[in-house]
Amino acid sequence: MLVIAAEHSGDQHAAIGIRGLQSLRPEIRICALGGPALEESGVQLLMDLTRISAIGFQAIYKFQFYLKLIAEVVRWVKEYRPKLICFVDSSGLNLRIAKALFSHGLITKAGGPSKAIYYIGPQIWASRAYRRFSMAKYIDELAVIFPFDRDYYSDTDLSVRFVGHPYVNENEVPLVNYDPNGPILLLPGSRRMAVAYNFPLLLEGYRRYRQDSDDREAVVVYPSEDVLRVIERTRHTPYLLVPSGERVAASAVLTSSGTMSLRCALAGVPGAIVYRTHPITYILGRLLVKVPYIGIANYILGETMYPEYIQRELTPARLAAQLYSSIRDREWIAKIRVQADRLRTLLSIPSQGSVSEWFAENLNSAQ
């Protein structure tokens with residue numbers, strides 16, 4: 001079996017499913033293009049793709065690298081002929097790899113030896129819905145982590161199964177917990193642009209709250225070089241740095257719209273979503289993305305769990321007021337807890353089985 005996961009989140013999600021698969025099929029041999037989480041799960045890591053992952057226009061600068069990578073995947077599959085190839089998230093790269101394997105007749109839908117499956121498909125409900133037709137052309141089966149994903153493939157012949165979200169996997173200890181007496185969690189995101197545009201405002205909003213209300217500490221997750229540079233310019237702000245992947249408990253959160261925002265929502269930590277970028281990037285994004293919320297928890301629930309402060313709405317004064325409500329508004333805190341319970345129910349593993357069981361079924365059905 002070959003697993004391809006180019007992003008950190010995909011690497012982590014895939015590792016959860018692979019660990020479960022290994023308990024079901026301990027004899028299985030698995031290779032991966034992924035990252036440290038997959039390597040720690042015991043698979044043979046052929047390349048750490050998470051170290052060179054790119055998004056949007058950044059990928060242009062790595063174009064030649066990705067062309068060589070796709071060619072190398074084709075060569076490897078020709079030589080080793082894995083029974084199963086599992087693509088994980090990252091549709092920009094993975095669909096190109098799937099297309100190349102198809103054109104070389106290496107995957108099942110082209111008459112080849114390797115069954116192609118996909119875990120965590122592209123968010124076609126948000127943008128570029130046409131990608132569903134490429135998925136249907138190249139992929140045998142798709143497992144999704146949001147229940148509403150299935151409806152968006154109804155006009156294709158692709159087999160789609162909801163397998164629950166990895167963050168509510170019963171075998172995983174949550175990375176984030178709610179503690180009403182805990183520190184404030186600041187999550188600027190892991191990408192350079194997100195940190196540059198959002199983190200200074202998060203720190204200033206926290207500083208104002210601390211100055212006016214109480215002296216609880218701030219916990220900053222993802223202590224990257226970009227984060228440290230911003231902190232160096234605000235030495236007066238007390239903080240604790242917590243590497244991504246370590247468990248934290250918090251009383252409130254100010255978070256980017258990434259995957260950690262969903263972890264916080266599932267834990268019932270009160271807070272808000274923040275998003276600010278270059279105006280042109282934002283305008284282009286709004287043309288492509290057609291959703292009422294940028295926070296995934298809000299979208300799943302169909303209502304506001306986390307207020308969203310976007311572009312000009314994102315100000316330190318509003319963030320300070322939001323932190324005050326998050327920590328002291330008992331009625332709102334109680335509502336957040338109820339919404340968190342609903343969210344966990346909606347994303348729980350269904351009766352059809354987990355992603356690990358889905359992996360095992362596809363291995364059994366592969367040639």
Side-chain angles (χ1 to χ4, degrees), residues 3-21 32 34-35 37-38 41 50 86-95 116-129 131-132 135-136 139-154 156 158-176 255 257-267 289 291 293-302 305-306 339-362:
V3 180
I4 304 176
E7 297 281 351
H8 289 282
S9 58
D11 173 54
Q12 293 163 0
H13 294 340
I16 294 172
I18 291 301
R19 287 196 293 269
L21 173 62
L38 275 167
S41 73
T50 64
C86 180
F87 301 98
V88 184
D89 208 351
S90 305
S91 66
L93 173 62
N94 277 331
L95 284 179
I117 64 174
Y118 210 116
Y119 176 44
I120 312 177
Q123 294 180 346
I124 61 173
W125 40 269
S127 67
R128 293 175 289 163
R131 288 176 290 176
R132 68 191 186 278
M135 295 287 291
I139 304 301
D140 292 292
E141 295 195 29
L142 167 65
V144 296
I145 59 176
F146 302 119
F148 52 78
D149 269 332
R150 293 169 297 186
D151 298 337
Y152 290 88
Y153 293 89
S154 60
T156 75
L158 182 61
S159 173
V160 184
R161 184 191 297 185
F162 171 61
V163 293
H165 198 285
Y167 290 169
V168 294
N169 186 306
E170 61 185 6
N171 296 317
E172 295 298 309
V173 179
L175 279 180
V176 181
T255 176
S257 58
T259 56
M260 279 295 287
S261 70
L262 182 57
R263 288 189 183 275
C264 295
L266 287 165
V289 179
V291 289
Y293 302 102
I294 64 168
I296 186 61
N298 293 343
Y299 187 83
I300 295 169
L301 292 169
M305 180 178 183
Y306 284 166
Q339 289 174 312
D341 288 340
R342 279 184 55 211
L343 197 58
R344 283 192 292 271
T345 298
L346 289 170
L347 297 181
S348 294
I349 296 172
S351 58
Q352 294 96 322
S354 66
V355 64
S356 301
E357 293 166 316
W358 181 75
F359 284 157
E361 289 175 19
N362 278 285

### Side-chain touch Ile18/Phe359, heavy atoms, less than 4.5 angstrom
yes
side-chain hydrogen bond (donor to acceptor under 3.5 Å, both in side chains) evaluation trace for Arg131 with Ser91 = CA-CA 9 Å; Arg131 288 176 290 176; Ser91 66; 3.0 Å; yes
Check: Can Tyr299 and Phe146 be said to form a ring-ring contact (aromatic ring centres under 6.0 Å, His included), step by step?
Finding: CA-CA 11 Å; Tyr299 187 83; Phe146 302 119; 8.4 Å; no
Evaluate the side-chain proximity of Thr156 to Met135: yes if any heavy-atom separation is below 4.5 Å, no if none is.
no
Show, in sequence, the C-alpha distance, side-chain angles and deciding distance for Val160 and Tyr152, and conclude whether the side chain to side chain contact (heavy atoms under 4.5 Å, CB included) test is met. CA-CA 10 Å; Val160 184; Tyr152 290 88; over 6 Å; no
Value for CG (Leu38) from CD1 (Ile16), rounded to nearest 0.5 Å, stands at 10.5 Å
Distance col, row Met305:CE vs Ile300:CD1, nearest 0.5 angstrom, shows 10.5 Å
Heavy atoms of Leu343 and Ala297 approach each other most closely as CD2-CB, 3.9 Å
Indicate the ring-plane relationship of Trp358 and Tyr119, choosing parallel, tilted or perpendicular according to the 30° and 60° boundaries. tilted
>> Is any side-chain heavy atom of Leu301 closer than 4.5 Å to one of Leu346?
In response: yes
Here the gap from His165 atom NE2 to Ile120 atom CD1, rounded to the nearest 0.5 Å, amounts to 7.0 Å
For Gly17 and Ser356, the nearest pair of non-hydrogen atoms, with its separation, is O-OG, 2.9 Å
| said: What I'd like to find out is whether the side chain of Tyr167 reaches to under 4.5 Å of the side chain of His13, using heavy atoms alone. | reply: yes
Closest heavy-atom pair, Arg132 versus Ile124, reported as atoms and distance to 0.1 Å, is CB-CD1, 3.8 Å
Q) So do the side chains of Leu158 and Ile139 get within less than 4.5 Å of each other, counting heavy atoms only? A) yes
Is the shortest heavy-atom distance from the side chain of Leu266 to the side chain of Pro174 under 4.5 Å? no
Could you give me the CA-CA distance, side-chain angles and deciding distance for Glu357 and Arg161, then say whether salt bridge (charged side-chain N to carboxylate O under 4.0 Å, His left out) is met?
CA-CA 12 Å; Glu357 293 166 316; Arg161 184 191 297 185; over 6 Å; no
When every non-hydrogen atom of Ser41 is compared with those of Arg19, the smallest separation belongs to CB-CG, 3.8 Å
With side chains defined as the heavy atoms from C-beta onward, is the minimum distance between Asp149 and Phe162 less than 4.5 Å? no
Item checked: Ile145 and Leu347, any side-chain heavy atoms less than 4.5 Å apart -> no
Smallest heavy-atom separation, Ala5 atom then Thr50 atom, equals O-CG2, 4.4 Å
For Phe87 and Ala116, the nearest pair of non-hydrogen atoms, with its separation, is CE1-CB, 4.1 Å
